[in-house]
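All figures in this text were calculated on a predicted structure; none of them were measured in a lab. Remember, it's 1-based here, ligands and their atoms both numbered in the order they're listed.
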Amino acid sequence: MALSSRTAPRTPKPTIELEVVSTTRLSPHLVRVRLGGDGFARFQDRVDTDKYAKLKFTTPEGDPVTRTYTIRRVDADAQVLEIDFVVHGDEGLAGPWAASVRPGAALTILGPGGGYAPNPDADWYLFVGDLSAVPAIASALESLATDAVGLAIIEVESADAVLELTAPAGVGVQWIVDPDHEVDRLANAVRAATWRDGHVDVFAHGERESMKALRPALFEERGLERSQVSLSGYWARGRTEDRFQAEKREPVGQFFPEA
Ligand SMILES: Cc1cc2nc3c(=O)[nH]c(=O)nc-3n(C[C@H](O)[C@H](O)[C@H](O)COP(=O)(O)OP(=O)(O)OC[C@H]3O[C@@H](n4cnc5c(N)ncnc54)[C@H](O)[C@@H]3O)c2cc1C
């Protein structure tokens, strides 16, 4: 994740052919696709909770493109991995694919890569994101020690997108329903949150402009160090992922411009 303040070393990612085993609607806005088949044996799991893969698709014009998705869970016993896709309408490739795909369909992935796992030495944890980051946040919450404390703040566009997440008793999960996608909504929720003492470990990912709006709330107002914050955009409103990725080389796509 080039925009993260914790950049993982780049290693070559294997290309793996997988097969859809089953799909489950977790909500009207999120579909879980379980992938297995012979290719699973080549999947090299990672300890990171936000490990992700590049999924290969083809545009209607026949051009190959990739889309980036979190590996929500790996079940080595069942030889399957799970990816949770946001269903965001008819636009795009990955979202519509996941909404309609049936068992037996093929999917080629590159990966996994990764870069974040909760810092076990942190005093408390703060997770911030939208539905696209729920797979990574849910995975991180499940990995925390039972006595961990903190807060997850998740913005969704409607109440029927709210899910039951498994988290330690001391980690609250606050859902914010905002059909208007106000860009400061998450930043203001962070400002309003009870701020605990001690070293906080922050994981904040989601729509790019909402994530950029978090910078003053985290770095200026709370004085956090870059090293304790994993912050990046997962997508950008009105942009395909191709455009979103290309814009990482432009000022609009940069979170921490070089001095
Ligand atoms: C490291 C990483 C991990 C990610 N993990 C996940 C994950 O686990 N699950 C997941 O669903 N997404 C995840 N994403 C985001 C995902 O890659 C993008 O949402 C991607 O653009 C979806 O591709 P698409 O083909 O469906 O739409 P695109 O062709 O890329 O875009 C078409 C249109 O849909 C809009 N759009 C794209 N995504 C969304 C969205 N989430 N909500 C509303 N509108 C949208 C775009 O702005 C554009 O206007 C992750 C991204 C990164 C970088």
With under 30° as parallel and over 60° as perpendicular, where do the rings of F256 and F219 fit, or are they tilted in between? perpendicular

Can you label the angle between the H205 ring and the F203 ring as parallel, tilted or perpendicular, going by 30° and 60°? tilted

Could you tell me whether R239 and E207 have a side-chain N and a carboxylate O separated by less than 4.0 Å? no

Between the side chains of D180 and R185, is the shortest nitrogen-to-carboxylate-oxygen separation below 4.0 Å, so that they form an ion pair? no

Taken in chain and number order and not counting sequence neighbours, the residues that satisfy ring pair (Phe, Tyr, Trp, His ring centres under 6.0 Å) with W175 are none

Are there over 12 heavy-atom neighbours, none belonging to D63, within less than 6.0 Å of that residue's CG? yes

Give a yes or no on whether D38 atom CG has more than 12 heavy-atom contacts from other residues, nucleotides or ligands under 6.0 Å away. no

I'd like to check whether [X] has a polar contact with ligand 1, where a contact means an N/O of the residue lying under 3.5 Å from an N/O of the ligand.
{"X": "P96", "result": "no"}
{"X": "P135", "result": "no"}
{"X": "A94", "result": "yes"}
{"X": "V86", "result": "yes"}
{"X": "L93", "result": "yes"}

For T66 and K56, which I'm curious about, is there any donor-acceptor pair between the side chains at under 3.5 Å? no

Please work out whether any backbone atom (N, CA, C, O) or any side-chain heavy atom from C-beta onward of R239 is under 4.0 Å from ligand 1, and answer side chain, backbone, both or neither. backbone

So for D130 against ligand 1, with non-hydrogen atoms under 4.0 Å, the contacting part is neither

Less than 4.0 Å is my threshold; does some heavy atom of A133 fall inside it relative to ligand 1? no

Which ligand 1 atoms does G92 reach within 4.0 Å, using its non-hydrogen atoms? 25 (O), 27 (O), 28 (P), 29 (O), 32 (C)

If you count the atoms of ligand 1 from 1 in the order shown, which ones are under 4.0 Å from a heavy atom of G238? 47 (O), 49 (O)

Among [options], closest by any non-hydrogen atom to [atom]:
{"atom": "atom 10 (C) of ligand 1", "options": "Y69, Y52, F85, Y234", "answer": "Y69"}
{"atom": "atom 20 (C) of ligand 1", "options": "Q245, E241, R237", "answer": "E241"}
{"atom": "atom 26 (O) of ligand 1", "options": "E157, K54, R67, H88", "answer": "H88"}

With the side chain counted from C-beta on, respond yes when Y234 and D130 share a heavy-atom pair under 4.5 Å apart, and no when they do not. no

